[in-house]
2 protein chains.
Amino acid sequence: MSSQLQSNSHHKVRESLRERIESSEWKLGELIPTEVDLAKEYGCARTTINRALQALADEGILIRKRKGGTRVCPIPIRQAKLSIPILREQVEAIGSEYSHQLVGRKIAAPSQSIRQNLKIDDGDSAFYAETIHFADHRPFAYEERWVNLKTVPEIENETDFDLLSINEWLIKTVPFSSGEVSFSAHKATERTAKALQTDIGAALFLVDRTTWMNGKFITTMKLYYREGYRLSTTI
Amino acid sequence: MSSQLQSNSHHKVRESLRERIESSEWKLGELIPTEVDLAKEYGCARTTINRALQALADEGILIRKRKGGTRVCPIPIRQAKLSIPILREQVEAIGSEYSHQLVGRKIAAPSQSIRQNLKIDDGDSAFYAETIHFADHRPFAYEERWVNLKTVPEIENETDFDLLSINEWLIKTVPFSSGEVSFSAHKATERTAKALQTDIGAALFLVDRTTWMNGKFITTMKLYYREGYRLSTTI
DNA sequence: TAGTGGTCTAGACCACTCA
DNA sequence: GAGTGGTCTAGACCACTAT
């Protein structure tokens, strides 16, 4: 124990190990040395090696098993971590002015697929709203949203969605919900094309999202982005 | 110290804290107790609390600063972790039979935007290939790929892309590269529609990906998925 | 059953940054 | 300057599982 590693050692160890993996010092599926051995090699505590290895396992680069040891992942699956910001942030991040407009709002009985998403019964009604989001007063995204009145009844009395969009209001109200998202491509229909001021048949990027908290379903929405929108990240 | 927490304590502490955050015990942007205080409250070592808090900070739920303390993230940004599997796995995961067909292959000088992606000079040539990926013999995705011959020269002599698609071959050859991905929607052109046996103008899901290793650019590709494809994850 | 990773602890020192 | 999180260590015991 000794010498060259003093601070941030587990980061350094992790990067060192990453390089050794990337350089194919250990091949796909191959066993790498045990924690104890690596600790000796790097001259640090086993805990430090453990943290580094766990981080790499989290990234999907290593597979670890008690008694089985640690292996380089035989099927490297790329993990992309993508953050889904609020639309306002997204628009303001590109230096544009954000605004939005509520174009429809009602209490109604949703279709069966929506009822399934929100786990509500046949005949139950829910809150529905359509919002157009603008960047510099040009349509940017179009949102269709259903909100479960059983979990968020107070939305019925919320009249002022001028300052805060429904999404922002929900985030303040039920901040840390979990959810499911899916991305797909969608041909603009008459309705979506009109809302986004684009052509029928345009290829829109569609984000479909359902949100719940403590097992109670809160909201489900479809968000159609204008042509040209890209969702980017690194892997 | 004592009593009820023995195993996996940092997981349990993490989930307990997560619930307290989700239930708004601490509001958005609010300071939560220090590690020392939480350690007292939970009756465990500070290290254990530290691991739990770091994990929540990694998820973007907490923001931590030395001396500043730990706060609930004031702007909850959803973090989706999505894994991008190899096409073969993707197809086989839904119980279909995977196959692929190389429909074009050449060494040529790419367009300027591709040259930029691969950081190669004007006039330099690169390896190009088009592949159609099938699920149960029906077109599933269409791939246009450029490979940098300066970093992966051996691909020029690789003749057999029947068993292994180019993607799989690259993963075996340069397993743990990093990269940039973007997702968007794209109207099918004559070329892409023909490859995917669909209609011109169909809304295709497009994955654009550029990959490098140790600062050397390896490959850039566009992958067009058939209509109906969805990329899903949880947040 | 033995070997590996998973976790906890108590204490220590450091790095940052707020007031 | 003082309070907070970031990290390291050495040792311990436990949980899992390959052999």
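Proteins come first, then strands; the chains are lettered A, B, ... in the order of their sequence lines, and each starts at number 1.
- OP1 or OP2 of dG5(D) lies within a sub-4.0 Å distance of a side-chain N or O belonging to Thr70(B).
- Leu38(B) places its CG atom 14 Å from the P atom of dT9(C), with the value rounded to the nearest Å.
- Remark on DNA chain D: of its neighbouring residues Gly68(B) and Arg66(A), the 5'-side contact belongs to Gly68(B), judged by nearest-heavy-atom nucleotide.
- Close to dG5(D), at under 4.0 Å from its OP1 or OP2, lies no side-chain N or O of Asn50(B).
- Following rounding to the nearest Å, Glu35(A) (CD) and dT9(D) (P) show an atom-to-atom distance of 13 Å.
- The separation between Ile63(B) atom CD1 and dT4(D) atom P is 18 Å, rounded to whole Å.
- Computed from coordinates, the Ile49(A) CD1 to dT7(D) P distance equals 15 Å when rounded to whole Å.
- Residues passing the side chain to side chain donor-acceptor pair (under 3.5 Å) test with Lys65(A): none are found, sequence neighbours excluded.
- Side-chain atoms of Gln116(A) and Ser113(A) form no donor-acceptor pair, as typed in the model, at a separation below 3.5 Å.
- With 3.5 Å as the limit, one finds a donor-acceptor pair spanning the side chains of Tyr98(A) and His133(A).
- Listed pair Gln54(A) / dG5(C) fails the phosphate criterion, with no side-chain N or O lying under 4.0 Å from OP1 or OP2.
- Looking at which nucleotide of DNA chain D each of Thr47(B) and Arg46(A) is closest to, the 5′-most match is held by Thr47(B).
- The side chain of Ala45(B) lies closest to dA10(C) when the candidates are dT9(D), dA10(C), dT7(C).
- Put simply, CG on Leu31(B) is 15 Å from P on dG3(D), counting in whole angstrom units.
- Neither OP1 nor OP2 of dT4(C) sits under 4.0 Å from any side-chain N or O of Thr34(A).
- Every side chain to side chain donor-acceptor pair (under 3.5 Å) that Ser182(B) has, sequence neighbours left out, goes to Arg230(A).
- Going from atom NZ of Lys40(A) over to atom P of dT9(D) covers 15 Å, rounded to whole Å.
- Between Lys67(A) atom NZ and dG5(C) atom P there is a gap of 11 Å when expressed in whole angstrom units.
- To the nearest angstrom, P of dG5(C) lies 12 Å from CG of Leu17(A).
- For the OP1/OP2 pair of dT9(D) and a distance below 4.0 Å, the side-chain nitrogens and oxygens of Thr48(A) include at least one atom meeting the criterion.
- Within the structure, a side-chain polar atom (N or O) of Arg64(A) is placed less than 4.0 Å from OP1 or OP2 of dG6(C).
- None of Val181(A), Leu231(A), Val207(A) except one satisfies the side chain to side chain contact (heavy atoms under 4.5 Å, CB included) rule with Ile84(A); the exception is Val181(A).
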